[in-house]
**Student:** 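Before we start, here is the structure in question, set down as structure tokens.
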Amino acid sequence: MLDQKLIRENPTFVENNLSLRGKVYDITSLHKLTLERKEIDMEISSLQSESKKLSKIIGQEIRNSNNPNNQELDVLKEKGNKFRTKISIFEEKKRILDKKLQDEISKLPNFPSKEAPIGQNENNNIQIKEWGNPLNKDNLKTHWEIGENLNLFDSIKSTKIAKSRFITLTGNGAKLERALINFMLDIHSNNGYLELMPPALVSSESLQGSGQLPKFSNESFKCTNDDLWLSPTAEVPLTAFHKNEIIDSKALPLKYVAYSPCFRREAGSYGRDTKGLIRLHQFNKVELYWFCDPNKSLEAHKAITSDAESILKKLNLPYRLVDICTGDLGFSSSRTFDLEVWLPSSKCYREISSCSNCLDFQARRSSIRTKIDKKTSYIHTLNGSGLAIGRTMAAILENGQQTDGSVKIPDALVPYFGSSLIKTN
RNA sequence: GGAGAGGUGGCCGAGUGGUUUAAGGCGCAGCACUGGAAAUGCUGUAUAGGGGCAACUUUAUCGAGGGUUCGAAUCCCUCUCUCUCCGCCA
């Protein structure tokens, strides 16, 4: 969430920054609301101040006089009554105004970083580096063909259970998924991250806190009888983990790694990636998350990205690092580095991790602060997938495929999977 | 699902209508004492908004929202969360 004071005092600055995202933001009416709100606030404050003084006088009178029902008191009480009436009129106005303000402000995305490449959409993203040797041969199988041949998952049967875009992992597929989760959790928790396993259901307030609500209610599954949603990413429960806290600055940065299932409606993606493990309503993910000193989030962003990268390197999967342009940035992010893994069957890179610096955007929405030199300030939050499990499996299957139809398991994963090869039975 | 008890500052905890301007403690910071430290003593220490160059000042906030009252942490209503017992249950 953006700072209301900043909107009030410097609307042009806010508009200019937001418009870096590639579309025009006009906050004139919002700006007016903030001014109105301040005016009403001042009015209420001065009325309250006078009413308070009057109440004190009445209290003293009652204590000092032996007749608590005299007429002078009635006159004073009547005066107090008038204050109350006036104040309640203004408070009603303030309530309505506050709600409007809150609604409007929480729909505004974060400012893009000055460092982020300016651009309209994903075509303007900038490749920073490539790692590994992308397998570039013809007649390679897709991961869903490989999966079918080796009986690693079954999407047809999954429509019986739920509907399309769900998968049931079977045999070695299920085992490989489990191996990947454990592998990633071990690497990260040995690297200074505290492992968490959060609830998969989250409240509306939590989704609001990390930025998925109010704008993107269409992208998550909602429970009908409770104010709970299926979490679209562990970023949501992890942000909410420290909601309404003032964290000791000596404890920063707090680094968490969490495995969680993720649920997304994928509204508007009909027809895209309908096969395989790339785009599912439910997928597993190991997420990295930092709560950090607001002065140190730039270095932290590099660190969290390289921690995510380390997994791809250990699995020996070719990837590239992409700097997301302003027009393609997520709602809460000011700067995002995507890691894209090489999928040889389609001869392209696909996103497997998104590492974002949200600055104080989520911290302000969730009220997470720290004290620096006796001053209270919002902390910065960063998140990054480390990594998306399903897409990692897809990459392993495609990059590790052998001419005889078997799949070679990356060396680092063998101790977890228990075998160096997946063969047909 | 039924019955009951609760939610007070960074933490613990007192507080049943008017010097509560939220006691006391812990923690933290500064100072004193010390060769240095511990212990001790003194002082300070919530958050958000407004005004002011500043010292400072003012308003709100005791789970959330309404209400009663001149005045509410305290009384009433609604919601919410936590805990205990019973029931059900992996």
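Owing to the predicted nature of the structure, the values given are computational and were not obtained by experimental measurement. A note on names: the letters A, B, ... follow the listed sequences, proteins ahead of strands, and every chain is numbered from 1.
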**Student:** Counting N and O atoms only, with roles assigned by atom type, does the side chain of A:Asn17 sit under 3.5 Å from a partner on the main chain of A:Phe13, one being a donor and the other an acceptor?
**Tutor:**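 Yes: the side chain of A:Asn17 pairs with the backbone of A:Phe13.
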**Student:** What is the distance from NZ of A:Lys243 to C1' of B:G63, rounded to the nearest Å?
**Tutor:**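 In whole Å, B:G63 C1' lies 13 Å from A:Lys243 NZ.
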**Student:** Expressed as a whole number of Å, how far does the P atom of B:A60 sit from that of B:G71?
**Tutor:**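 One P to the other, the span is 12 Å.
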**Student:** Apply the test side chain to side chain donor-acceptor pair (under 3.5 Å) to residues A:Ser155 and A:Ser158: give CA-CA distance (whole Å), side-chain angles for both, the deciding distance (0.1 Å), then the verdict.
**Tutor:** CA-CA 5 Å; A:Ser155 53; A:Ser158 303; over 6 Å; no
**Student:** Near RNA chain B, under 4.0 Å by heavy atom, which residues of residues 81-110 of chain A?
**Tutor:**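 The answer is A:Asn81, A:Arg84, A:Arg95.
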**Student:** Can you sort out the partners of A:His242 under ring-ring contact (aromatic ring centres under 6.0 Å, His included), two or more places apart, ordered by chain and number?
**Tutor:**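 Checked A:His242 against ring-ring contact (aromatic ring centres under 6.0 Å, His included); matches are A:Tyr256, A:Phe291.
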**Student:** Which residues pass the salt bridge (charged side-chain N to carboxylate O under 4.0 Å, His left out) test with A:Lys38, not counting sequence neighbours?
**Tutor:**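 Counting only residues at least two positions away or on another chain, A:Lys38 forms no salt bridge (charged side-chain N to carboxylate O under 4.0 Å, His left out).
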**Student:** Got a list of protein N/O to nucleotides 16-18 of chain B N/O distances below 3.5 Å?
**Tutor:**
residue	atom	partner	partner atom	Å
B:G18	O2'	A:Arg63	NE	3.1
B:G18	O2'	A:Arg63	NH2	3.0
B:G18	N2	A:Ser55	O	2.8

**Student:** Is it the case that the side chain of A:Glu104 and the backbone of A:Leu30 share a donor-acceptor pair, with hydrogens and angles ignored and the cut-off at 3.5 Å?
**Tutor:**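 Between the backbone of A:Leu30 and the side chain of A:Glu104 there is no qualifying donor-acceptor contact (under 3.5 Å).
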**Student:** Output the rounded distance in Å from CD (A:Glu43) to P (B:U58).
**Tutor:**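 From A:Glu43 CD to B:U58 P: 19 Å.
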**Student:** Look through every strand shown and name the nucleotide pairing with B:A48 as Watson-Crick or G-U wobble, where both distances are under 3.5 Å.
**Tutor:**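 Base-paired to B:U59.
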**Student:** If the P atom of B:G63 is compared with that of B:U16, how far apart are they to the nearest Å?
**Tutor:**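 Nearest-Å result for B:G63 against B:U16 at atom P: 15 Å.
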**Student:** Which protein N or O atoms sit under 3.5 Å from an N or O of nucleotides 47-54 of chain B?
**Tutor:**
residue	atom	partner	partner atom	Å
B:U47	OP1	A:Lys371	NZ	2.9
B:U47	OP1	A:Thr376	OG1	2.7
B:U47	O3'	A:Arg369	NH1	3.0
B:U47	O2'	A:Arg369	NH1	3.2
B:G49	O2'	A:Asp41	OD2	3.3
B:G50	OP1	A:Arg8	NH1	3.3
B:G50	OP1	A:Arg8	NH2	2.3
B:G51	OP1	A:Lys38	NZ	2.5

**Student:** Which residue is it: A:Leu387, A:Thr392, A:Ile389? I am looking for the one with a side chain to side chain contact (heavy atoms under 4.5 Å, CB included) to A:Val286.
**Tutor:**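 Answer to the side chain to side chain contact (heavy atoms under 4.5 Å, CB included) test with A:Val286 among A:Leu387, A:Thr392, A:Ile389: A:Ile389.
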**Student:** Using the P atom as the reference point in each nucleotide, state the distance between B:U8 and B:G67 in Å, no decimals.
**Tutor:**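 It comes out at 25 Å once rounded to the nearest Å.
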**Student:** Would you confirm whether the ring centroid of A:Phe183 sits within less than 6.0 angstrom of the ring centroid of A:Tyr416?
**Tutor:**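 Yes, the ring of A:Tyr416 comes within the 6.0 Å limit of the ring of A:Phe183, centre to centre.
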**Student:** Between B:G71 atom C1' and A:Gln48 atom CD, what is the distance in whole Å?
**Tutor:**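 It is 13 Å, rounded to the nearest whole Å.
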**Student:** If you measure from the P atom in B:A48 to the same atom in B:C88, how many Å do you get, rounded?
**Tutor:**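 Result for the P pair: 49 Å, nearest Å.
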**Student:** Check this one for me: any side-chain N or O of A:Lys53 less than 4.0 Å away from OP1 or OP2 of B:C70?
**Tutor:**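 A:Lys53 to B:C70 OP1/OP2: no side-chain N or O under 4.0 Å.
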**Student:** Distance between the C1' atoms of B:G25 and B:G15, in whole angstroms?
**Tutor:**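 One C1' to the other, the span is 15 Å.
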**Student:** Provide, to the nearest angstrom, the distance between the CG atom belonging to A:Asp226 and the C1' atom belonging to B:G1.
**Tutor:**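 Those two atoms, CG and C1', are 14 Å apart.
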**Student:** Would you say the side-chain atoms of A:Arg365 pair up with the backbone N or O of A:Ser106, donor to acceptor, closer than 3.5 Å?
**Tutor:**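 Indeed, once roles are kept as given, a pair shorter than 3.5 Å links the two residues.
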**Student:** A:Lys52 has an atom NZ; how far is it from atom P of B:G71, in whole Å?
**Tutor:**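 Between P of B:G71 and NZ of A:Lys52: 13 Å.
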**Student:** What interatomic distance, in whole Å, is found between C1' of B:C28 and the corresponding atom of B:U82?
**Tutor:**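 Comparing C1' positions in B:U82 and B:C28 gives a spacing of 28 Å.
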**Student:** So what's B:G1 paired with, Watson-Crick or G-U wobble, going by both distances under 3.5 Å?
**Tutor:**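 Because both required distances fall under 3.5 Å, B:G1 counts as paired with B:C86.
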**Student:** So which nucleotide does B:C53 pair with, by the Watson-Crick or G-U wobble rule with both distances under 3.5 Å?
**Tutor:**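 Because no pair has both required distances under 3.5 Å, B:C53 counts as unpaired.
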**Student:** For residues 296-304 of chain A, please give each side-chain donor-acceptor pair under 3.5 Å, one per line with the distance, not counting sequence neighbours.
**Tutor:**
residue	atom	partner	partner atom	Å
A:Ser297	OG	A:Asn357	ND2	3.2
A:Ser297	OG	A:His380	ND1	2.8
A:His301	NE2	A:Cys355	O	2.8

**Student:** Tell me if the centroids of the rings in A:Phe331 and A:Phe361 come within less than 6.0 Å of each other.
**Tutor:**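 So the answer is yes for these two rings.
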**Student:** Under a 3.5 Å cut-off for both distances, is B:G18 Watson-Crick or wobble paired, and to whom?
**Tutor:**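 Per the H-bond distance test, B:C70.
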**Student:** Which nucleotide, if any, forms a Watson-Crick or G-U wobble pair with B:U40, using both distances under 3.5 Å?
**Tutor:**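 Across any shown strand, B:U40 pairs with B:A32.
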**Student:** Quantified in whole Å, what is the P atom distance between nucleotide B:G18 and nucleotide B:G13?
**Tutor:**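 Taking atom P in both B:G18 and B:G13, they lie 25 Å apart.
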**Student:** Does any donor atom in the side chain of A:Ser49 or A:Ser46 lie under 3.5 Å from an acceptor atom in the other side chain?
**Tutor:**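 Not at all, the side chains of A:Ser49 and A:Ser46 share no donor-acceptor pair under 3.5 Å.
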**Student:** Does the A:His188 side chain pair with the main chain of A:Gly386, one donor and one acceptor, at a distance under 3.5 Å?
**Tutor:**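 Yes.
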**Student:** Hunt down the Watson-Crick or G-U wobble partner of B:G6, both distances under 3.5 Å, from any strand shown, or write none.
**Tutor:**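 Pairing partner, where one exists within any strand: B:C81.
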**Student:** Taking the P atom in each of B:C75 and B:G24, what is the distance between them to the nearest angstrom?
**Tutor:**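 Each nucleotide's P atom is 24 Å from the other's.
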**Student:** Classify the side-chain pair A:Lys408/A:Ser420 by whether it contains a donor and acceptor separated by less than 3.5 Å.
**Tutor:**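 There is no such pair between these side chains.
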